[in-house]
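Reviewing the structure listed below.
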Protein chains: 2
Amino acid sequence: MVVVRDARHPDLGEITLTEVMAALSDPIRVGLLRLLSDGRERGWGELRAPLSKSTLSHHLRVLRNAGLTRTRQEGTRCYVQLRRDDLQARFPGLLDAVLAAANSDDVGSQVSLATDPQPPGVVRATG
Amino acid sequence: MVVVRDARHPDLGEITLTEVMAALSDPIRVGLLRLLSDGRERGWGELRAPLSKSTLSHHLRVLRNAGLTRTRQEGTRCYVQLRRDDLQARFPGLLDAVLAAANSDDVGSQVSLATDPQPPGVVRATG
DNA sequence: TTCGATGTTTTACGAACATCGAACAAAGCG
DNA sequence: CGCTTTGTTCGATGTTCGTAAAACATCGAA
């Protein structure tokens, strides 16, 4: 469902280091984080990964529950955003260091953004 | 055995971000890292944790295999040391950020150093 | 209200992990 | 050569994780 029942967005104080580290111990999730690293909000449909949608949903939930991302719902669509400022406040320098490391090693490059902003199967107005 | 057969100390280039993150997703291991954070070499017997020695050995191996620590053997004893410089070279700023975060949250406080340099059970000269 | 699109949750399963006790191995001592 | 000390490795066990298929829930449109 689009209603994210379990969408616990932990408060700053609820974010734990070990949970953050665990969330970032998977290349897919690091790749997702890299895509979100510019702080811009991204649509679920923009995310491309060699995974089933249920698995992708799972990874996004792990990131969300760890406090790394925020999920917003708009109509049928979902949008994800990195919680940059919150993380910087909670664990200063950590996110930057991880992103720098991830970029230098190209971790999670399997994850990408759809080049076409439209999700596949979207019927654009033909007339 | 004291001979650490599986003691793979990965080269700089072999250290991966996700393996490092995975290694640090456990409070015990973060606690061990904190104890080693001053860069001084510590004896196995100095380490106190609410774990069986086999489990402690396991955690130390995870840290070693991830490239976070180096293990040296001297006689019957083993000594562990944090690979500060290597990590700083491989992933600049990462270790410092993690240690700062771990300290601010007191992660892994269950792990400590023996106050008495003698391991427990050591029979000191009684006469 | 029925249908289609979009994600989420459930369920299931193999792999990986944390843990412990016991067996083992190497170094040093007597 | 035995015995002790010091860790490591080997099962065994229960838990968590990554993955996908399928069922479900919600929104928007017809």
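Letters go in sequence order (proteins before strands), and every chain restarts at 1. All values below were derived from every heavy atom in this structure, side-chain atoms included, with hydrogens, water molecules and symmetry-related copies excluded.
- Under 3.5 Å, the side chain of B/S52 and the base of C/dG21 form no donor-acceptor pair of N or O atoms.
- Listed by chain and residue number, B/R72 satisfy the salt bridge (charged side-chain N to carboxylate O under 4.0 Å, His left out) test with B/E41 (two or more places apart in sequence, or in another chain).
- Annotation: salt bridge (charged side-chain N to carboxylate O under 4.0 Å, His left out) contacts of B/R42 (sequence neighbours excluded): B/D38, B/E46.
- Residue B/W44 places at least one side-chain N or O closer than 4.0 Å to OP1 or OP2 of D/dT8.
- Taking atom CG of B/N65 as the reference point, atom P of D/dT8 lies 11 Å away to the nearest angstrom.
- The residue B/L51 sits close only to the backbone: its heavy atoms come under 4.0 Å of sugar-phosphate atoms, none of a base.
- If you check distances only, the side chain of A/S54 does reach the base of D/dA21 with a donor-acceptor pair under 3.5 Å.
- Listed by residue number, A/D26, A/R29 are the residues of residues 18-40 of chain A with a heavy-atom contact under 4.0 Å to DNA chain D.
- Consecutive pairing runs in DNA chain D reach the stem threshold at C:1-30 with D:1-30, where a stem means at least three Watson-Crick or G-U wobble pairs with distances under 3.5 Å.
- Not counting sequence neighbours, the partners of B/S54 by the side chain to side chain donor-acceptor pair (under 3.5 Å) test are B/S52.
- Counting only residues at least two apart or in different chains, salt bridge (charged side-chain N to carboxylate O under 4.0 Å, His left out) contacts with residues 84-98 of chain A comprise A/R70-A/D86, A/R83-A/D86, A/R84-A/D96, A/R90-B/D105.
- Annotation: salt bridge (charged side-chain N to carboxylate O under 4.0 Å, His left out) contacts of B/D106 (sequence neighbours excluded): B/R34.
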Would you tabulate the side-chain donor-acceptor contacts of residues 21-32 of chain B under 3.5 Å, counting partners in other chains and residues two or more places apart, or write 'none'?
{"unit_1": "B/S25", "atom_1": "OG", "unit_2": "B/A22", "atom_2": "O", "d": "2.6"}
{"unit_1": "B/D26", "atom_1": "OD1", "unit_2": "B/I28", "atom_2": "N", "d": "2.8"}
{"unit_1": "B/R29", "atom_1": "NE", "unit_2": "B/A23", "atom_2": "O", "d": "2.6"}
{"unit_1": "B/R29", "atom_1": "NH1", "unit_2": "B/H59", "atom_2": "ND1", "d": "3.1"}
{"unit_1": "B/R29", "atom_1": "NH2", "unit_2": "B/A22", "atom_2": "O", "d": "3.3"}

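- Atom CZ in A/R64 sits roughly 6 Å away from atom P in C/dT8 (whole-Å rounding).
- Straight-line distance from the CZ atom of B/R77 to the P atom of D/dT5: 11 Å, rounded to whole Å.
- A donor-acceptor contact under 3.5 Å is not formed by the side chain of B/T76 with the base of C/dA26.
- Using a 4.0 Å heavy-atom cutoff across all strands shown, A/H58 reaches at least one base atom of the nucleic acid.
- Between the B/E14 side chain and the B/D11 main chain, a donor and an acceptor come within less than 3.5 Å of each other.
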